[in-house]
Amino acid sequence: MAADGGPDSTGLAKSYRPAEQEPRINALWSEAKCFEARPQSSAAPYCIFIPPPNVTAALHLGHALNNALQDALSRHARMKGMDVLWMPGTDHAGIATQTVVERRLALKGQRRTDFTREAFVAQVQAWKDEYEATILGQLREMGASCDFSRTRFTMDPVCATAVRAAFHKLFEDGLIERGRRLVNWDPASRTALADDEVEMRDVDGRMWYLRYPLEDGSGHITVATTRPETMLGDTAVAMNPRDPLAAGLRGKRVRLPIVGRVIPIVEDDYVVMPVSRGGDPADAKAGVATGFLKVTPAHDPNDWEIGRRHALAAINVMGPDGAISDRHGWTDVSTEARAFVGKSREEARKAIVQWFKANNLLEDEKPWRHAVGHSYRSGVPIEPWLSEQWFVKVTDDRLRGAALRAMEPAQFDGKAPAGNAPGDGQMKFFPARYAKTFQQWHENLRDWCISRQLWWGHRIPVWSRVAQGEAATIGANAPEGGTMVAVPSAWSKQGASHRVRRRDDGSLEELLCLPANADALAAEAERAGFTQDADVLDTWFSSALWPLSTLGWPTPDAFPGMGGLLERYNPSAVLSTAREIITLWVSRMTMFNRHFLGGKVPFRHVFIHPVIQDGFGQRMSKSLGNGLDPRDVIHSHGADALRYTLLDMTTDTQDLRVPVEMIDPHSGETFTPEYTRAPSGHQVAAPVQKSPKHASKTMVSSYGATSGLATPSEAQPLARNTSSRFDIGRNLATKLWNATRFALSNAPEPAASVDPATRPALDRWILSRVARAVQRADAALADYRFSEYAAACYDALWRDFCDWYLEAAKPSAKSDPERQAVMLASLDAIVRLLHPVMPFVSEALWPALQQRRASSVVKGLALPASKMLAVAAWPVAAASLVDAGVEAEFERVQALVDAIRNVRGERQVQPRRMIRLGASVRVQSLCNASDGVIAAMAGLSGVVGIGEARGPGSAVFAFDGEECWLDGLVDQVDTTAERARLEKVVADRRRAAEGYRGKLSNAGYVAKAPPKVVEETRAMLASAEADLAAAERAIGGVAGHLMRTMFAIALATLCACAHTVQKPASSGEPVQTSQARQPSQATQPSAPQAAAIVPNAVRSSTPWDDGGGPGVRVRTEHYNLHLAVKEPAFRGSLPGYMEACNCNNAYATALGPLPVPSEPLDLYIFPSREPWEAWTRKTLGKEAGVYLALGRGGFTSDGVSVLYDIGRVDTLTIAAHEGWHQFSQLSLKHPLPTWMEEGLACWMEGTRQTRDGSPTAFRPWRNFERWNELRNAVRENRLIPLGELLGNSPQQCLEKGKDRLLTYYAECWALIHFLNEGEGGKYHDKLLQLMQDAAQGRIAGRLIASRAIANPVQRQQAVKTRVGNAVVLEYFNPDFAAFEDEYQRFIEAVAKRGAGDRIFRGESPLTEMSPVPAAPAKPPVK
RNA sequence: GGGCGCUUAGCUCAGCGGCUAGAGCGUCGCCUUUACACGGCGAGGGUCACAGGUUCGAAUCCUGUAGCGCUCACCA
């Protein structure tokens, strides 16, 4: 065998190939005879009668669906230990089959009548044999577990016996009658049709207005008609008695043109009045009606009724071919009318219209669209034709009433008919709504015409002759109307029903209806001058007997092996059928079964399956070429895939769509064809399609071939249809195959016995899931929810067993025999569960699985050994296996794994990379309890405490309201991605929490909703809030780094500033251009100085520096940073920017060209995202980590403000501009943290002047003293190293700072520490929330940061446009008091420790910056 | 015209008073890890046709509108 296809150590090939297995397995089943019913067994019987497919053609996808469903039910029942009889068979389909055979003859130029009846029937028989074989073969291919040994055909001797017996009994019971009535006549097939064999089609016809002269010559009346040719048979004109004209015409008569017949004007409510005379304008008919209706009882069902009401004659003017004829009841043929005799319907119509025109009697003519009945076989318009036919009086209460009484009372619409007879109320519909259809159909029922003028079918078992002897005597008193009168005679003594009746022409007819097996009697009758009726029975007559005939009724003992079947298998369990069948077949089976079997219903349940349509919602049909051949699907996907997919689609909807695709014969590729519109208006695949692979090659679509628009050839072959819908089934079969292979290779020696109670949670979990799957499957099948059953199988196998159990058990299975036993037992149960829908693959795997696990027992899961899966027992799981506790626990495990995988996925961590989880004690214990499952599934190398040290690239996530982290995800730190991920989580959780809060804040909800629901909501809220808090803390962790970095920056900036301002400090003026050209080493802080500010910080040798702010390179504990504090006013490229600097800025020009960093940095800090974002992308080929902007909204600043503005999660802008005060007042209403205000103020003042060279209200050196202090602090090394502060409490920081250094810095750090880790966490959260809200547009942070928005009107507008309904004030107010309180407490706490009143007195330097100079208050530094 | 049903993610469909509206396929990203690429992990994607109403709460119930499908009836 090929390396990739051969069996491995498990003995199973590497992949499942349906074509290799299916025939083999079919043979296996067949040899074992495992689908044969066991009538002698003690098992409970379960029976399904297949709706016998017509032998007209091969099975289509609809059949495949129905049979897949029945097979699933049958196999399920069989595995549950029932004695199953799924009765297969085919239907002779009288007219349909005869028509196809006749059509074939027609191709050879032959007609039915060229043969004797026997010879023709033989030809049909040959066709039937061929298709019956095809159909049965298809059933086997699909894996249908029918009892093929009992296959029936509706015309075989057994069924024929039943037909004869049934007819005889109905005849005997007076439920069959013969009469001359108007029937649906197919002039092409020359047979009567039942109502349901007629299909209505809209036709563009014309409405002609014919004048009929009044007999007395006083004028004429006008009738409207679409069928002028029938006027030859008119026997009256009708008008509505309420017609204003009625009084004047009452009693008058009309002389019928052409014919000259004088006919009455009758009055009948049926007649629609024209709108002009009081007709209903809404009635379309009233719009065209004249108020006078020609009445032709012999050629219109409604006229027939009018005729009956008014005792009118019915004059039949046509023959069986639809041509005008004087030989079928028309006697008063005038000379003028003679000219029309012999003309076809169509010719006669033209001629008559022409005649009326010529005689000036055609008043008008209009186009008129209306529905016309057509024969569903020959397609020609149906002629309502008066003829003598056989009828079953289905309207008799013994039939119709019995059918209605069979309905389950609860499903009856209205008051259910009372009934206590056997079988009453025992039939139930699934889905329930079809009960209504069933019921309504019966309410409009008409007697059922059962005679067909065909040769193919059951010949009517009635012999007749002109009445003789005693029949004639008795018949002499027979009533008009054809009622049959019993004749006691020698014939009746021999079992015949002997009747006599008066025919319409008055003659007496003597009839003998012979029972089954009365050939001798028939011969005798024929010798006595009786002849058998030439007609055959409607196919449905024999179909209606299906549940009886297949079981040998009425004489099961007369047939070998059929004794006792009837009692055992009727009623059957369920009839599964299509919607269109419900009205006729279900009803007729019910009527007959109940009538012949003492009230027994034929089936307890009726399941109506959906109709499969193509992707456009059109019925699949041969002529549209949009059908799918089940054989093609079996070929491409396998029988199991076909079956599974069909079941999966079977929801309780009415229709389901299967988009049809095509297979390119050139490449084998599946593709969606080009569509076009057929003349009928249907969407069809264009006749010729281009190969998707080779544009030059073409193919013919099914539609192209059937419509004749394209002819397949070698160069342009016919393309097969397919649908990728079936992939799902194929994939599942493959999954099952591979899962089994894997399980077998991992379970070499399963323990002989396992008590689940002693097993770890993982094993108890899968057993619990399996037990639930069994329950779910059983419940679904019990209600015919096939899709639900399919889903139960899918979830059990794929989701639970493969995705979780196998993956989790991988590392341990081989060394744990008990686990192996559990694994194999679970799989065994799942394989059994799948068998009814995927019989082949499951059976194919069975021997290997059985061999390995047969002797192994898992307590509570009954899986008795069996040689063959088809007859193996359905799994039985003890209730004790269902363990809600272990499932809940495992759900937590799954949730944690999902959370970790989510991080891995988002961060694109390689699957192989093992990572470390840091978690709380609680989560750690979950991991430990999971028996290594979490580690295995999430790829963990270890689990440690949350407080353990971790690397810079770690990611934090929230689980169960707790914070966890993952370390070792990546080699390169990417804070941006991490923040982005966390922001998403936070947004999601916050949305959820807000939703719950909204609910709970609704008083009505809390008061009126069920307490349980409210409780659930509370729990959900708590959980969401906990997750939110954890995620936010996680962001805090990230933010903490940011904050630290920011402060490093702030410090470095200040440091740089101190240098920058050194000269101005001495001279009072900015440096001059000439001096600034060369970077002055003297202005650079020394490395030790920088290091003193930020541990490991190295100031760049060539600082980016300009008037907008200093640049500095800082290496911190985590980051390699380059800070460039730039003005957003410059929107050009970096060189351009430098150019601008060179031109405009004294400092910048002094520094020379701006160097592009030679090594990648982790953090670039810019004043605003653009244009720097673009710059970093261009220069560095990526978006550099964090854009932390220290800058202002605009250059012409005239004040200082600070505002967090996270334009994106990765951009933190600290904007400074004059809008702050207003913003502060408007929204924040709290003082800016002192450190920030001061720091920014210092920075601003130290760096921002001279940009435009113009003196502004801004006074550059206002805070010079402060800068001087800083500078001195740096110089004198009095600055506290941040490293020293890290890890210290705020108090400690302050302690240290009090004596040693500028309290300012201590305070900064203390605050940061407080914010990040101390009790100020909430405060921190508030700040973060503020940032995030701004980032997500919930507040107009960004907008407000600009000066223009300080204008209330514009701000409002901006708020509207940018943040929708968020209103800045309202948004913050609810919680802001707490915010302020927090801050206040902090201030106090720090103040108490004597950190110095200057810093905490709440005075803002901003006040000094108002346009009106005020004396700066500068308390001395302690 | 009567009856039944449908309209939810790009597609096919679940859900049918209360989880943040789900699945499969398709899409995007990562992964050929010793069961499975007919695979694994992750992501993105929805004003539940529209408009009213009932309800604490509506995709879900009611009414109406529009579109679609099936079915029965309709030969003035």
message = Counting only side-chain nitrogens and oxygens, does A/Lys436 get under 4.0 Å of the OP1 or OP2 atom of B/rG5?
response = no

remark   = Here the distance between atom C1' of B/rG3 and atom CD1 of A/Ile608, to the nearest Å, is 16 Å

message = For B/rG17 and A/Lys1008 - does any side-chain N or O of the residue sit under 4.0 Å from the phosphate oxygens OP1/OP2?
response = no

inquiry  = Looking at B/rC36, I'd like to know if its phosphate oxygens (OP1 or OP2) sit under 4.0 Å from a side-chain N or O belonging to A/Arg730.
reply    = no

query = Just how far is it from atom CG of A/Leu732 to atom SG of A/Cys793, taken to the nearest 0.5 Å?
reply = 8.0 Å

message = In this structure, how many angstroms lie between the C1' atom of B/rG24 and the CG atom of A/Leu656, rounded?
response = 15 Å

ask   = What integer number of Å spans the P atoms of B/rC38 and B/rU27?
value = 13 Å

ask   = Just to confirm, is there a sub-4.0 Å distance from OP1 or OP2 of B/rC36 to any side-chain nitrogen or oxygen of A/Lys14?
value = yes

query = If only side-chain N and O atoms of A/Asn738 are considered, is one of them under 4.0 Å from the OP1 or OP2 phosphate oxygen of B/rC38?
reply = no

message = Using OP1 and OP2 only, check whether a side-chain N or O of A/Asn731 sits under 4.0 Å from B/rC36.
response = no

Whole-angstrom distance between B/rU55 and B/rG15, as gauged at atom P = 28 Å

key: Comparing A/Thr734 and A/Ile728 on RNA chain B - which has the more 5′ nearest nucleotide   = A/Ile728

ask   = Given B/rA43, is OP1 or OP2 found less than 4.0 Å from the side-chain N or O atoms of A/Asn902?
value = yes

ask   = OP1 or OP2 of B/rG40 sitting under 4.0 Å from any side-chain N/O of A/Trp804?
value = no

query = Considering only heavy atoms from C-beta outward, does the side chain of A/Leu445 approach that of A/His442 to under 4.5 Å?
reply = yes

query = Where the side chain of A/Asp614 meets the backbone of A/Gln618, is there a donor-acceptor pair that is under 3.5 Å apart?
reply = yes

request  = May I ask you to check whether A/Phe616 and A/Tyr675 place their ring centers less than 6.0 Å from one another?
outcome  = yes

key: Whole-angstrom distance between B/rG45 and B/rG22, as gauged at atom P   = 13 Å

note = Paired runs of 3 or more consecutive Watson-Crick or G-U pairs involving RNA chain B, with both pairing distances under 3.5 Å, are B:1-7 with B:66-72, B:10-13 with B:22-25, B:27-31 with B:39-43, B:49-53 with B:61-65

task = Could you give the distance separating B/rG64 and B/rG39 at their P atoms, to the nearest angstrom?
result = 47 Å

ask   = Of the candidate nucleotides B/rA35, B/rG69, B/rC30, which contains the atom at the shortest distance from the side chain of A/Gln613?
value = B/rG69

task = Please determine if a side-chain N or O atom of A/Thr651 lies less than 4.0 Å away from the OP1 or OP2 oxygen of B/rA14.
result = yes

request  = Could you check how far OH of A/Tyr1005 sits from P of B/rG18, rounded to whole Å?
outcome  = 11 Å

note = Heavy-atom nearest nucleotide on RNA chain B taken for A/Lys735 and for A/Gln440; more 5' hit belongs to A/Gln440

key: Salt bridge present between A/Glu365 and A/Arg206 (N-O < 4.0 angstrom)   = yes

request  = May I ask you to test the A/Arg227-A/Asp300 pair for a side-chain heavy-atom distance under 4.5 Å?
outcome  = no

Salt-bridge present (A/Glu1015, A/Lys1012; N to O < 4.0 Å) = no

message = Could you tell me how far B/rC16 sits from B/rG5 if I compare only their C1' atoms? Round to whole Å.
response = 14 Å

ask   = How far, in whole Å, is B/rU60 from B/rU7 if one measures between their P atoms?
value = 11 Å

message = Give me the atom names and distance for the closest heavy-atom approach of A/Pro297 to A/Gly233.
response = CD-O, 4.3 Å

note = A/Arg433 has its side chain closest, among B/rG18, B/rG29, B/rC4, to B/rC4

remark   = What one should report as the nearest heavy-atom pair of A/Val271 and A/Gly291 is CG1-O, 3.4 Å

inquiry  = Taking 4.0 Å as the cut-off, does a side-chain nitrogen or oxygen of A/Lys810 come that near to OP1 or OP2 on B/rU33?
reply    = no

key: Rounded distance in Å between the C1' positions of B/rA51 and B/rG44   = 32 Å

Shortest side-chain distance from A/Glu807, nucleotide among B/rC75, B/rC36, B/rG42 = B/rC36

task = Between B/rA35, B/rA14, B/rU33, spot the one nearest the side chain of A/Arg741, thanks.
result = B/rA35

Gap in Å between the two P atoms, one belonging to B/rC25 and one to B/rC41, rounded = 11 Å

task = Looking only at side-chain atoms of A/Pro659, point me to the closest of B/rC31, B/rC11, B/rC75.
result = B/rC11

